[in-house]
Amino acid sequence: MGLVKNISIGILGTGFMVLVTGAQAKAVTLTYDRSIGSPGFGPGQLFVPQGIAVDDQGNTYVANGRGVNPDGTPNFNLGDKIEKFSPSGEYIGAIGSGGTGPGQFDEPTTVDFNPVTGDLYAGDVYNNRINQFDSQGNFIRSFANGEFTGLIQGRLFFGPSGVTFDKAGNVYVGDFNGERIFKFTPDGQQIGVIGGTTGTALGEFQGVAGTRISPVSGNIYVADQYNNRVQVLDPNGKPLYAFGSAGSGPGQLLQPIGIEVDDQENVYVADSINSRVQVFDKNGKFLTSYGQPALDASGNLVPPPALTGPPFGNPLDLTPGRFNWTGGTALKDGKLYVGDFFQGRVQVLNVEGTTQVPEPSSALGLALLGLGAATVTLRKRGQQKPVLSLEKELQKQC
């Protein structure tokens, strides 16, 4: 959290001058801007939006989920592609299609643009690979074929998870159930592996979900999903620290998925089961949260859908700021894009972080031109209101 020291000189009374120094911190606030997409199976509609990316023109790319028939068999005519929307949210078209051939998908997940080359990289779960396209959506190559760990008993997810890039354009991709992060050259040659051990200790993982490299320090931030925390690694993959714990209170997490880091190293985490986004400073200090769970007409929580049938909550609660699980994320030009996992849309949030908020600090009073005392009043920060606890409700659903 960046600190700015302010110096002010004020006359408190006849013959008294006080010099006051105080520290102020940049606050982060999130507000609703608009939504992209709508729930359904038609052109421009979304179901289980996972990865999200935004190009330099402001177009939004959303990894649309796997098309499935009522009997559970794949339907390549539904989903399995990267949907593209204009800056105003209008549907433009798609990249890729359902299938197993070059440039096709069998459930796309993570997606992002390489800031060095401009190429688009997308995870392909059931085809067990990464698909690479140029900035116009033309297929270039697939790589890491067969490298990602398959489904593990007791888990719902597998395959390539978060994708991120270092300043040289190297590609880092999470292997969700392999508890590791692969490092590739921009053309898909593997040059390193980070992690690989299941557990709860620092440097161990249980579900490598979103990954993001800080544009400031080069540190690697990882949403450690089933450990309900964020781990921070140095640029070489050495674990530094972790933050977060299981729960629904401020700063607590229930299966975090998407993660973003801004140019001040504030960390934005899609706290999936809590149906919200939380923001932390680079040291893991809780700053703010946004979002609430979807509710039905009686005010009850809308459960996630069953594994069979339509991938939508019933009923839908498309009120701004209501989510039925938060999923993939993207951060671009002061906007945070958040996948509304089981409501077939992406909610776009305004990120504001320039407001200065006083923090408790020491103050120096100097009495000049007379005798007396200067009094400095420190304003206490307002306390965050507690967030609705979901644990009991989740236990009912599981």
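Being a predicted model, the structure only gives us computed values, none of them experimental.
The aromatic rings of F341 and F157 lie perpendicular to each other, with more than 60° between the two planes, well past the 30° mark.
Looking at F133, F113, Y91 one by one, the single match for ring pair (Phe, Tyr, Trp, His ring centres under 6.0 Å) with Y61 turns out to be F113. Of the residues V173, L233, V222, I259, the one that meets the side chain to side chain contact (heavy atoms under 4.5 Å, CB included) test with T211 is V222.
Rounded to the nearest 0.5 angstrom, Q206 CD and I152 CD1 are separated by 9.5 Å. The distance from the CG atom of N114 to the OG atom of S135 is 11.5 Å, given to the nearest 0.5 Å.
Neither side chain, E204 nor T197, offers a donor N or O lying under 3.5 Å from an acceptor on the other. No donor-acceptor contact under 3.5 angstrom links the side chains of Y121 and N131, judged on distance only. Between the side chains of Q104 and S97, at least one donor N or O sits under 3.5 Å from an acceptor N or O. Side chain to side chain, S214 and N219 fail the donor-acceptor criterion of an N or O pair below 3.5 Å. A donor atom on one side chain and an acceptor atom on the other are found under 3.5 Å apart for E265 and S217.
Taking 4.5 Å as the limit, some side-chain heavy atom of F41 sits within range of a side-chain heavy atom of P311.
The two residues S248 and N274 have their closest heavy-atom pair at OG-OD1, 2.8 Å. Across A209 and S161, no two heavy atoms sit closer than the pair O-OG, 3.3 Å.
Here salt bridge (charged side-chain N to carboxylate O under 4.0 Å, His left out) pairs that include residues 241-261, with residues two or more places apart or in two chains, are R212-E260.
Between R141 and D187 no salt bridge is recorded (no basic side-chain N to carboxylate O distance below 4.0 Å). Contact check on K332 versus D55 returns no salt bridge, with no Lys/Arg side-chain nitrogen under 4.0 Å from an Asp/Glu carboxylate oxygen.
With ring centers used as reference points, F243 lies 6.0 Å or more from F286.
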Pair Y226, F205 - check ring-ring contact (aromatic ring centres under 6.0 Å, His included), show working.
CA-CA 8 Å; Y226 293 115; F205 299 94; over 10 Å; no
